[in-house]
Amino acid sequence: MKRKATAVWNGSGKDGKGHLTTQSTVLNQTQYSFGSRFEEGIGTNPEELVGAAHAGCFSMKLAFNLQAAGFTATELKTDAEIVFEDGSIVASNLTLTAKVEGIDNAKFDELVKDAEANCPISKLLNTKISVSYTLN
């Protein structure tokens, strides 16, 4: 499997602007700029997209872990906070709210830790990753 995304940037770093398009066209010439990255401008930014990718990947990995253990989640809601300091992503903090019937805390904790360490985006990121969760 291979997935593709394209970034086009025009102009200088601070005054320029760009757009992002993904193979699926979920992002289709979606605006990004200095303002959307470092201020409160309109558009997306790389850190927001990394956060979405990490939250989605972690949730799906946890769903597979639960399935393998004989459980099905009613809902897994994962928020990702990407921390950007001094030109680097220094942390991805995941906050999970989970509804899973019939699972005990020890088993759920085991499956969460596995998803934290083994979802493909966690493996890709070279940063501190933390997960806090609420079950049921």
Side-chain angles (χ1 to χ4, degrees):
M1 173 178 61
K2 295 181 182 180
R3 299 289 186 245
K4 181 181 173 185
T6 302
V8 176
W9 188 265
N10 302 105
S12 67
K14 187 164 185 175
D15 298 320
K17 60 183 177 178
H19 60 82
L20 303 166
T21 301
T22 58
Q23 179 178 331
S24 67
T25 67
V26 167
L27 297 179
N28 189 2
Q29 297 191 2
T30 302
Q31 174 186 330
Y32 78 113
S33 65
F34 179 89
S36 68
R37 189 170 192 187
F38 299 108
E39 298 168 351
E40 295 300 320
I42 296 170
T44 191
N45 59 71
E47 292 73 29
E48 176 180 76
L49 298 172
V50 168
H54 199 196
C57 184
F58 169 82
S59 295
M60 186 176 275
K61 176 63 174 164
L62 181 55
F64 276 109
N65 287 355
L66 288 163
Q67 179 181 352
F71 301 95
T72 301
T74 302
E75 181 176 76
L76 301 173
K77 179 183 176 277
T78 307
D79 294 319
E81 175 191 59
I82 300 299
V83 182
F84 186 82
E85 293 176 357
D86 300 322
S88 295
I89 293 174
V90 297
S92 179
N93 302 317
L94 302 177
T95 304
L96 168 67
T97 303
K99 295 177 184 170
V100 183
E101 295 303 318
I103 193 167
D104 65 49
N105 286 334
K107 184 63 174 178
F108 188 73
D109 190 62
E110 172 192 327
L111 299 176
V112 165
K113 287 180 179 168
D114 180 80
E116 175 185 352
N118 292 306
C119 90
I121 299 297
S122 289
K123 290 180 175 183
L124 175 69
L125 295 174
N126 183 21
T127 195
K128 178 185 171 209
I129 297 170
S130 68
V131 178
S132 61
Y133 66 82
T134 304
L135 176 61
N136 296 327

Scan [range] for pairs that pass salt bridge (Lys or Arg N to Asp or Glu O under 4.0 Å), counting only residues two or more places apart or in two chains.
range	answer
residues 24-37	R37-E47
residues 101-112	K107-E110, D109-K113
residues 68-78	K77-D79

Task: Trace of the side chain to side chain contact (heavy atoms under 4.5 Å, CB included) decision for L20 with Q31 - done: CA-CA 7 Å; L20 303 166; Q31 174 186 330; over 6 Å; no
Report all side-chain donor-acceptor pairs from residues 80-92 shorter than 3.5 Å, counting only partners two or more places apart or in another chain.
unit_1, atom_1, unit_2, atom_2, d
E81, OE1, N93, ND2, 3.0
S92, OG, H54, ND1, 2.6

Task: Side-chain hydrophobic cluster, 4.5 Å single linkage: members besides L76 - done: F58, L62, L66, F71, L94, L96, V100, I103, F108, L111, V112, V131, Y133, L135
Open item on the list: Quick check: do K61 and N118 have side-chain heavy atoms less than 4.5 Å from each other?
Closed with: yes
Open item on the list: Are the side chains of K4 and T22 in contact, using a 4.5 Å heavy-atom criterion?
Closed with: no
TODO: Output the distance between atom OG (S33) and atom CD (E39), rounded to the nearest 0.5 Å.
DONE: 8.0 Å
Open item on the list: Distance check, rounded to the nearest 0.5 Å: F64 atom CZ versus S59 atom OG?
Closed with: 12.5 Å
TODO: Please report the shortest heavy-atom distance between S122 and A115, naming the atom on each side.
DONE: OG-O, 4.2 Å
TODO: May I have all residue pairs that pass ring pair (Phe, Tyr, Trp, His ring centres under 6.0 Å) and include part of residues 9-32, sequence neighbours excluded?
DONE: W9-Y32
- [ ] Keeping the roles fixed (side chain from N28, backbone from T21), state whether a donor-acceptor pair exists under 3.5 Å.
- [x] no
